[in-house]
Number of protein chains: 2
Amino acid sequence: MTATPTPRVTIKDVAARAGVSKGAVSLAFNHKPGLSEATRDRIFRAARELGWAPNLTARTLAGSRVDVVGLAICRPARQLGLEPFYMEFISGVESVLTEHSCSLLLRLVRNLDEEVGLQESWWRGRQIGGSILVDFRADDPRVAAAQRLGIPAVAVGHPSLTGGLTSVWTDDATAVTEAVRYLAALGHRRIARVGGAAALGHTSIRAAAFDEAAGALGLAGAWQVATDFSGDAGARATRSLLTASAPDRPTAIVYDNDIMAVAGLSVAAEMGLRVPEDVSLLAWDDSQLCRLTHPTLSAMSHDVHGFGAEVARTLFGVIMGDGVGSHPVPTPVLTPRGSTAPPR
Amino acid sequence: MTATPTPRVTIKDVAARAGVSKGAVSLAFNHKPGLSEATRDRIFRAARELGWAPNLTARTLAGSRVDVVGLAICRPARQLGLEPFYMEFISGVESVLTEHSCSLLLRLVRNLDEEVGLQESWWRGRQIGGSILVDFRADDPRVAAAQRLGIPAVAVGHPSLTGGLTSVWTDDATAVTEAVRYLAALGHRRIARVGGAAALGHTSIRAAAFDEAAGALGLAGAWQVATDFSGDAGARATRSLLTASAPDRPTAIVYDNDIMAVAGLSVAAEMGLRVPEDVSLLAWDDSQLCRLTHPTLSAMSHDVHGFGAEVARTLFGVIMGDGVGSHPVPTPVLTPRGSTAPPR
DNA sequence: GATACGGACTTTACCGGTTAAGAAAACGTT
DNA sequence: AACGTTTTCTTAACCGGTAAAGTCCGTATC
């Protein structure tokens with residue numbers, strides 16, 4: 001990739017125009033002491049007149065800050081497009097980065113090894129000042145890698161998965177328990193859960209919490225199905241759960257995202273089952289989609305935008321030298337809408 | 001943002017270990033002639049043993065390639081999360097960038113002036129090797145800015161909007177016309193269109209095409225409403241269109257994205273109107289959402305992922321010096337599903 | 001056997017900043 | 001007036017690469 005030449009104005013031009021050395025210009029632009037107010041002004045005026053701003057690449061190379069943070073997402077590209085979660089998450093991250101004139105370096109990777117390699121080369125190549133790690137698995141290799149390299153990183157996931165990294169997480173176990181209790185309180189005794197990718201750490205946390213809650217409440221039936229988060233998979237899972245004959249069929253289903261819940265809604269309709277009379281559905285991640293369906297979807301709702309923002313704020317903290325910490329964000333809260341009701 | 005010190009291995013270390021000068025290492029890693037196979041091997045071996053890879057920042061500063069492309073999106077951050085289009089588009093872009101070991105620098109901006117400033121500082125600061133420009137408006141300031149600066153850019157939008165920039169675009173006018181003709185052929189005489197943000201160039205292209213098609217077909221009624229693309233706005237627009245008494249009410253509605261169409265579906269249900277018997281709905285951008293509703297949504301469907309990929313490929317062409325060009329991608333094609341039928 | 005030439009490397013000068021160390025002027029002290 | 005301080009600014013080395021210009025050497029040419 002070659003660059004078309006452009007008349008570039010550098011620190012030298014500014015220095016010349018202000019009648020000082022480039023060192024002085026550097027001092028001025030970094031707000032460091034050692035310059036009189038008068039020269040400082042002259043320098044800024046010259047810079048403004050020339051439309052100059054410090055070159056971040058050079059600045060980075062010279063060893064000061066790097067104002068880019070990395071985010072690698074490890075899912076098949078086509079699947080990603082469908083997930084409302086990520087776009088909302090990213091927009092939350094961006095909202096904080098922007099305040100710091102910081103940009104996001106985004107990359108889709110095919111597997112964790114590739115991600116580890118990418119993070120390493122980003123960091124060693126000073127491409128990023130810190131990184132956001134998402135979608136943790138059990139024994140995730142990124143924990144060790146980030147620590148070995150000393151990358152300032154924030155792990156999005158439960159501390160049990162993120163080892164010694166600073167983490168930002170939602171208490172999914174409590175949320176799942178609340179969801180199950182709510183449905184049980186409505187009178188449901190046979191509840192199913194359509195979960196996400198089995199390899200993902202938060203999926204197993206939710207799965208375990210679901211089993212435990214179901215056991216504690218002595219439910220008559222508790223099913224779990226793993227999917228890839230896609231609408232199609234959600235539809236398939238729902239179909240297989242609902243084909244059982246009436247007494248053995250679940251009367252309520254909890255989904256791991258909202259796309260799959262929407263799919264479930266449509267499968268129920270197609271099978272001639274009414275929601276919520278014949279089967280109750282409960283979504284997760286509550287994007288605006290849940291309010292656009294008919295009936296509207298009850299959901300475990302969750303400020304994903306704010307979550308992203310909190311992750312970015314925490315990352316800035318880590319970059320500034322804050323010690324390792326664990327930052328829980330508010331637990332998803334149950335938002336009952338039209339898709340849940342007592343079973344008949 | 002300060003960086004934690006890390007033992008960095010540089011080109012000098014590799015050179016020392018291979019017993020050559022750093023210039024030789026540079027030649028080897030850029031696959032340039034002037035080295036014997038033997039030394040080349042020694043250099044690569046040394047690099048592998050030390051785990052070295054060229055520092056992109058330094059490489060950039062030294063004036064060769066920049067392997068980052070920029071994408072600034074100018075919409076309120078919260079609204080963005082909702083648009084399936086962008087995430088799918090980005091994933092398409094990424095799929096091509098990844099092949100070239102290239103990353104995407106993503107930034108949300110509040111307005112076009114901010115974007116122009118950002119593109120300029122990215123480019124002058126050599127942060128990016130090229131840029132993808134989206135959401136064109138009439139007399140878009142980015143056209144002149146990109147040309148003045150000489151930024152290799154690809155404009156996503158109709159050539160009439162993107163001036164002298166290389167563009168990649170879908171023929172929205174033809175697609176709108178096809179949509180209207182299809183509905184008219186089903187027997188609809190009163191058709192409405194729920195459009196996107198009025199300021200956007202493609203919105204006015206679609207609006208004009210809609211009017212023209214409606215006129216040409218001599219429709220009895222043709223309404224258009226502008227929205228902000230959100231589901232809520234789509235719901236409001238649908239509600240106001242459908243509250244008219246029966247004979248004056250549209251019997252078919254075309255939406256500018258799929259989120260609004262889903263919202264429309266639910267508004268119809270809430271108003272006691274059956275889809276498609278009482279009112280036909282036609283979506284745009286056809287994400288998997290359209291196949292998950294009940295009834296499924298007919299849509300003007302469109303490979304958004306492939307669109308993004310094509311944009312990225314075109315950008316690489318521009319960066320490599322291809323002349324200005326206009327690259328149409330396939331026109332959205334009508335995909336009839338369950339939400340359209342002849343009016344009663 | 002001197003001359004030219006091409007291949008294989010090395011040297012050196014940047015790229016556009018930062019920063020430690022040095023120098024000149026201004027200031028206060030005795 | 002001589003001397004230490006401080007303030008203000010300059011110099012020069014460095015960050016980690018690239019690339020043009022040199023150097024050295026073996027060999028083909030006449």
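Computed from a predicted structure; not experimentally measured. In what follows, every chain begins at residue 1, and chains take the letters A, B, ... in the order their sequences are listed.
B/Leu105 has its side chain out of reach of B/Leu71: every pair of non-hydrogen atoms, C-beta onward, lies at least 4.5 Å apart. Residues A/Leu104 and A/Ile90 form a side-chain contact, since some pair of their non-hydrogen atoms from C-beta on lies under 4.5 Å apart.
Nearest nucleotide to the B/Asn55 side chain, out of C/dT18, D/dC9, D/dG16: D/dG16. Closest approach to the A/Ser21 side chain among D/dT10, C/dG17, C/dC15 is made by D/dT10 (side chain taken as heavy atoms from C-beta onward).
The residue from B/His327, B/His202, B/His158 that alone fulfils the ring-ring contact (aromatic ring centres under 6.0 Å, His included) condition with B/Trp169 is B/His158.
Between A/Phe44 and A/Trp52, the distance from one ring center to the other does not fall under 6.0 angstrom.
When the C1' atoms of four end pairs are superposed on the next four at each end of the helix from C/dG1-D/dC30 to C/dT30-D/dA1, using five pairs per end, the two resulting axes differ in direction by 60°, to 10°.
At a threshold of 4.0 angstrom between heavy atoms, the contacts of A/Thr10 are confined to the sugar-phosphate backbone, with no base atom among them. When heavy atoms are screened at a 4.0 angstrom cut-off, B/Thr39 is found touching the sugar-phosphate backbone but no base atom. When heavy atoms are screened at a 4.0 angstrom cut-off, A/Val20 is found touching the sugar-phosphate backbone but no base atom.
Under 3.5 Å, the side chains of A/Thr60 and A/Thr57 contain no donor-acceptor pair of N or O atoms.
The nearest heavy atom of DNA chain D to A/Lys22 and to B/Ala53 marks one nucleotide each, and the one closer to the 5' end goes with A/Lys22.
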